[in-house]
Amino acid sequence: MIPTSIYSKRSRLKLLIIGIALAIGAATVIYTNLLVAKLSEREQQLIDLYGKGLRYMINAEIDSDNLVFIQEEIIDANRSVPVIQTDEKENVIAYKNLNIPEKISEKRKKALLKREIAKMKAQHKPIVVAYQQEFKNYIFYKDSELLTQLRYYPYVQLTVIACLSVIAYYAFSYSRKAEQNRVWVGLAKETAHQLGTPLSSLMAWYEYLKSSPRFENEPIVDELGKDVRRLEIITERFSNIGSVPVLKDEPLLRVVENAIGYLRNRVSSKVAFAVESDFPPETTAKVNIPLFEWVIENICKNAVDAMEGKGSITLRLVKSNTKGAIALDIQDTGKGIPKTKQEEVFLPGYTTKKRGWGLGLALARRIIENYHQGRLYVKSSEVGKGTTFRVVLNK
Ligand SMILES: Nc1ncnc2c1ncn2[C@@H]1O[C@H](COP(=O)(O)OP(=O)(O)O)[C@@H](O)[C@H]1O
Ligand SMILES: [Mg+2]
């Protein structure tokens, strides 16, 4: 038995990784927001000083000694915060640190500045510089480019990281699937190959015994023949898994009936099998018989295991919601599968049985989805009442 805990461990690990990623993302955003707040405060101080400087210059005596100092150390020192100085009617007097090309028409420049003023207004209230109650200037300003970039930086970074993670995840799971495929196919081919040699010699022995007068009317020979035939079917299954299987239009009802024939004779007579169909008996679907029989056997065997020796299994051909498809519902009266496990049961290695390998449903899903381009899932299940598996095939 392979412990089922590998899957709960794996999903806990997944949760842990997602948790750590979220924590790192949140920390980045919080830290950058802190930096943004600090830088923003500093820019605010710079611009307040700028306003004070301008106010001083406008109101100062022409020959004041401080003018040069203020011009150089305060007004010119602002090399990052974009500012526009206007009169009361918002006619531009001067501007600084804006990306406005030199060689454009006055009209275009005016339009650009107007747009900038609108943007600045949206961000901050302008600073008012009054000249002795006679006239006023406005200083419009907005965040520096650095501050703006810093504001968006964590989101850009996190988006890039998220995209990379998604790509890495898909690349990884693709290569893992490809590897799994090679294992399934390789093992199946090898098994079919190894069974082939003794099987052909067994067949020859069986033919010999059948025609030998010494064993005439011996029931043992017939039994031997049945077992040889069974071995042949098993070999055929493995050889079909190991190659690209041929799908043919087959009368589905008859295929289903044949498939359960083998099990029917081997399980307790208290397990009742029933086959029903909403379609005329000759309705076909595209299947590979050895593989499809394997699927039905696996699902029905599980159904038998799920009932303690007594109950019923109903196989019903029904209409599928998918166009051009036909569905087979396999319903049992077993112990049911809890909602949280209804996908997990298809994972290789998932089993709740002492002597289970947990490969039956994984194999069945592979056969239906990869080899028949169909679907296999738990249609409904109730603990204590029973389960219905649905196989969807193409017509
Ligand atoms: N019809 C069913 N009713 C209840 N449980 C089921 C049924 N079919 C499958 N299961 C559950 O799914 C598990 C996996 O099934 P499977 O892949 O066939 O492996 P195994 O039969 O070796 O355990 C089973 O161990 C069982 O717990
Ligand atoms: Mg099984």
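In what follows, every heavy atom counts, from backbone to side chain, and hydrogens, waters and symmetry copies are set aside. Note that the structure is a prediction, hence the values are computed from the model and not measured. Remember, it's 1-based here, ligands and their atoms both numbered in the order they're listed. Numbers for residues simply follow the sequence, beginning at 1.
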In terms of relative ring orientation, are Tyr208 and Trp205 parallel, tilted or perpendicular, with 30° and 60° separating the classes? perpendicular

For atom 23 (O) of ligand 1, grab the closest protein heavy atom and report residue, atom and distance to one decimal in Å. Thr351 OG1, 2.5 Å

Quick test: of every protein heavy atom, which one is nearest to atom 12 (O) of ligand 1, and how far off is it to 0.1 Å? Val345 CG1, 3.3 Å

If you scan protein heavy atoms around atom 17 (O) of ligand 1, the nearest is Leu361 N, 2.9 Å

In terms of ring plane angle, is the pair Phe346 and Phe389 parallel, tilted or perpendicular, where the classes change at 30° and 60°? perpendicular

Under 3.5 Å between any N/O of Phe389 and any N/O of ligand 1: does that happen in this structure? no

Using a strict 4.0 Å cut-off to heavy atoms of Gly356, name the atoms of ligand 1 that fall inside it. 22 (O)

Could you see which bit of Asp332 sits under 4.0 Å from ligand 1, with heavy atoms only: side chain, backbone, both or neither? side chain

Any N/O pair Ala362/ligand 1 closer than 3.5 Å: no

Going by atom types only, do Arg365 and Asn370 share a side-chain donor-acceptor pair under 3.5 Å? no

Taking 4.0 angstrom as the limit and counting only heavy atoms of Gly336, give me the atoms of ligand 1 inside it, by number and element. 4 (C)

Honestly, for Thr387 the part within reach of ligand 1 (heavy atoms, under 4.0 Å) is side chain

Using modelled atom types only, decide if a donor and an acceptor are shared between the side chain of Lys96 and the backbone of Asn78 within a distance under 3.5 Å. yes

For the ring pair Phe238 and Trp294, is the centre-to-centre distance below 6.0 Å? yes

Tell me the protein heavy atom at minimum distance from atom 18 (O) of ligand 1, and give that distance in Å. Asn302 ND2, 2.7 Å

Gly334 near ligand 1 by a heavy-atom separation under 4.0 Å: no

Top protein contact for atom 14 (C) of ligand 1, by heavy-atom distance: Tyr350 O, 3.2 Å

Atom 25 (O) of ligand 1: which protein heavy atom is closest, and how many Å away? Thr352 N, 2.9 Å

Give a yes/no verdict on a cation-pi contact between Arg230 and Tyr262, requiring under 6.0 Å between NZ or CZ and the six-membered ring centre and an angle within 45° of the axis. yes

If Ile, Leu, Val, Met, Phe, Trp and Tyr residues are connected whenever their side-chain heavy atoms lie under 4.5 Å apart, and connections chain through other members, are Val295 and Tyr377 in the same group? no

Taking backbone and side chain together, does Thr351 place any N/O/S atom at a distance below 2.8 Å from the Mg ion (ligand 2)? no

Geometric N/O contact Lys353 with ligand 1, under 3.5 angstrom: yes

Checking a contact table here: which protein heavy atom is nearest atom 5 (N) of ligand 1, and how many Å away? Ile337 CG1, 3.3 Å

Any donor-acceptor pair under 3.5 Å linking the side-chain atoms of Glu369 with those of Gln373? no

Would you mind checking which non-hydrogen protein atom is closest to atom 19 (O) of ligand 1, with the distance to 0.1 Å? Gly358 CA, 3.1 Å

Can you measure from CD (Gln123) to NZ (Lys142) and round to the nearest 0.5 angstrom? 7.0 Å

To the nearest 0.5 Å, what is the distance between CG on Asp332 and OG on Ser381? 7.5 Å

Of all the atoms in ligand 1, which lie at a distance below 4.0 Å from a heavy atom belonging to Ala306? 2 (C), 3 (N), 4 (C)

Distance from Ile367 atom CD1 to Trp184 atom CH2, nearest 0.5 Å? 8.0 Å

